[in-house]
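Take a look at the structure set out below.
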Amino acid sequence: MQRFHAICGMAVLFTLLAVPGVSHAFLGFFEHPYKVVFDAVPALADDNVYMADGSIGTITNKERKGEGVVLTLDIRKEHTGVMRDTTVFVVQDGRLVHAALSEGGTPLPEGSNVLGFTDTLQLNLFRARLVMQDIGGILRKSADDIAKKLDTFKQ
């Protein structure tokens, strides 16, 4: 009878460990968590987090918040260097994919919120708004610089 209970216990343990997120929680592997926030519900086909060279982590929790969703990610230690203040995530073909809005940036502290986009169109629209804001800032700075120069020539 003890052998039967041991076999049943092992079967339950292996089943739990096979479920994404449960194995992390059970074994205490939430070493490098980040939260991806979406203003709408993303259509995800699996619980992996991807980059160009393959999977870099796992989605360990999905929490619905009003119209949006918060995903908790566990990024593997060897990939935490890609988590920068310029990092965003986008859903492509049902996969959560790491993207960067620009090169460089400063390291993102673990537990930080990261912006998520439900599709590439939303990401590209956001990028376009950023470019327009940068252009506006550059235009204002240039105009101010010229105005300052002109003020030095007042008679």
Side-chain angles (χ1 to χ4, degrees), residues 1-140:
M1 190 61 149
Q2 281 182 324
R3 185 168 190 210
F4 174 74
H5 289 291
I7 291 171
C8 287
M10 298 268 300
V12 169
L13 177 62
F14 286 127
T15 302
L16 286 175
L17 292 177
V19 176
V22 173
S23 59
H24 281 73
F26 184 76
L27 297 174
F29 287 153
F30 288 116
E31 295 181 25
H32 308 288
Y34 296 90
K35 303 227 182 246
V36 181
V37 295
F38 291 87
D39 63 0
V41 179
L44 295 168
D46 69 36
D47 289 328
N48 288 310
V49 180
Y50 296 91
M51 223 170 109
D53 60 348
S55 176
I56 63 169
T58 307
I59 299 169
T60 56
N61 190 38
K62 299 173 187 173
E63 185 178 359
R64 185 82 186 254
K65 299 253 185 163
E67 296 295 314
V69 170
V70 177
L71 301 178
T72 303
L73 310 183
D74 190 14
I75 302 298
R76 286 193 291 281
K77 183 178 182 177
E78 62 269 22
H79 296 289
T80 57
V82 301
M83 298 300 292
R84 316 291 273 170
D85 60 359
T86 57
T87 294
V88 296
F89 284 91
V90 61
V91 177
Q92 296 176 340
D93 299 321
R95 295 175 152 198
L96 186 64
V97 179
H98 175 280
L101 292 177
S102 66
E103 294 291 321
T106 58
L108 197 58
E110 292 177 7
S112 294
N113 291 323
V114 180
L115 192 56
F117 296 93
T118 55
D119 57 45
T120 305
L121 175 62
Q122 296 300 316
L123 173 58
N124 289 336
L125 290 172
F126 185 81
R127 282 182 169 150
R129 283 196 310 266
L130 285 178
V131 168
M132 296 308 287
Q133 286 175 355
D134 288 346
I135 289 171
I138 291 168
L139 291 173
R140 284 189 302 278

Rounded distance (nearest 0.5 Å) linking atom CD of Gln122 with atom CG of Leu125: 5.5 Å

I'd like to know if the side chain of Asp85 reaches the main chain of Thr106, judged simply by a donor and an acceptor atom lying under 3.5 Å from each other, with no hydrogens or angles considered. yes

Keeping Arg129 on the side-chain end and Val131 on the backbone end, is there a donor-acceptor pair under 3.5 Å? no

Using the side-chain contact (heavy atoms from CB on, under 4.5 Å) rule, pick out the option among Val88, Leu101, Thr87, Asp39 that qualifies with Leu115. Val88

Member of Lys77, Glu110, Arg76 meeting the side chain to side chain donor-acceptor pair (under 3.5 Å) criterion with His32: Glu110

Find the distance between CG (Leu123) and OG1 (Thr118) and round it off to the nearest 0.5 Å. 10.0 Å

Do you know which of Val69, Val70, Val114 makes side-chain contact (heavy atoms from CB on, under 4.5 Å) with Val37? Val70

At their closest point, which heavy atom of Ala40 faces which heavy atom of Pro42, and how far apart are they? O-CD, 3.3 Å

Asp47-Thr58 side chain donor-acceptor pair, cut-off 3.5 Å: no

Atom OH of Tyr34 and atom OG1 of Thr80: how far apart are they, to the nearest 0.5 Å? 5.5 Å

Are side-chain heavy atoms of Pro107 and Arg84 found at a separation under 4.5 Å? yes

Apply side-chain hydrogen bond (donor to acceptor under 3.5 Å, both in side chains) to Asp46 and list each qualifying residue two or more places apart in sequence or on a separate chain. Tyr50

Could you report the tightest heavy-atom contact between Ala99 and Arg127, atom names first, then the distance? CB-NH2, 4.4 Å

Work out which heavy atom in Gly116 is nearest to a heavy atom in Val36; give both atom names and the distance. CA-CG1, 3.6 Å

Where the side chain of Thr72 meets the backbone of Thr60, is there a donor-acceptor pair that is under 3.5 Å apart? no

Are Val49 and Leu71 side-chain neighbours, meaning at least one heavy-atom pair lies under 4.5 Å? no

Check step by step if side-chain contact (heavy atoms from CB on, under 4.5 Å) holds for Asp119 and Val91. CA-CA 5 Å; Asp119 57 45; Val91 177; 5.9 Å; no

Can you tell me how far apart CG (Asp74) and CD1 (Ile59) are? Round to the nearest 0.5 Å. 11.5 Å

Glu78, CD atom: more than 12 neighbouring heavy atoms under 6.0 Å: yes

Among pairs that include at least one residue of residues 72-92, which meet ring pair (Phe, Tyr, Trp, His ring centres under 6.0 Å), considering only residues two or more places apart or in two chains? Phe89-His98

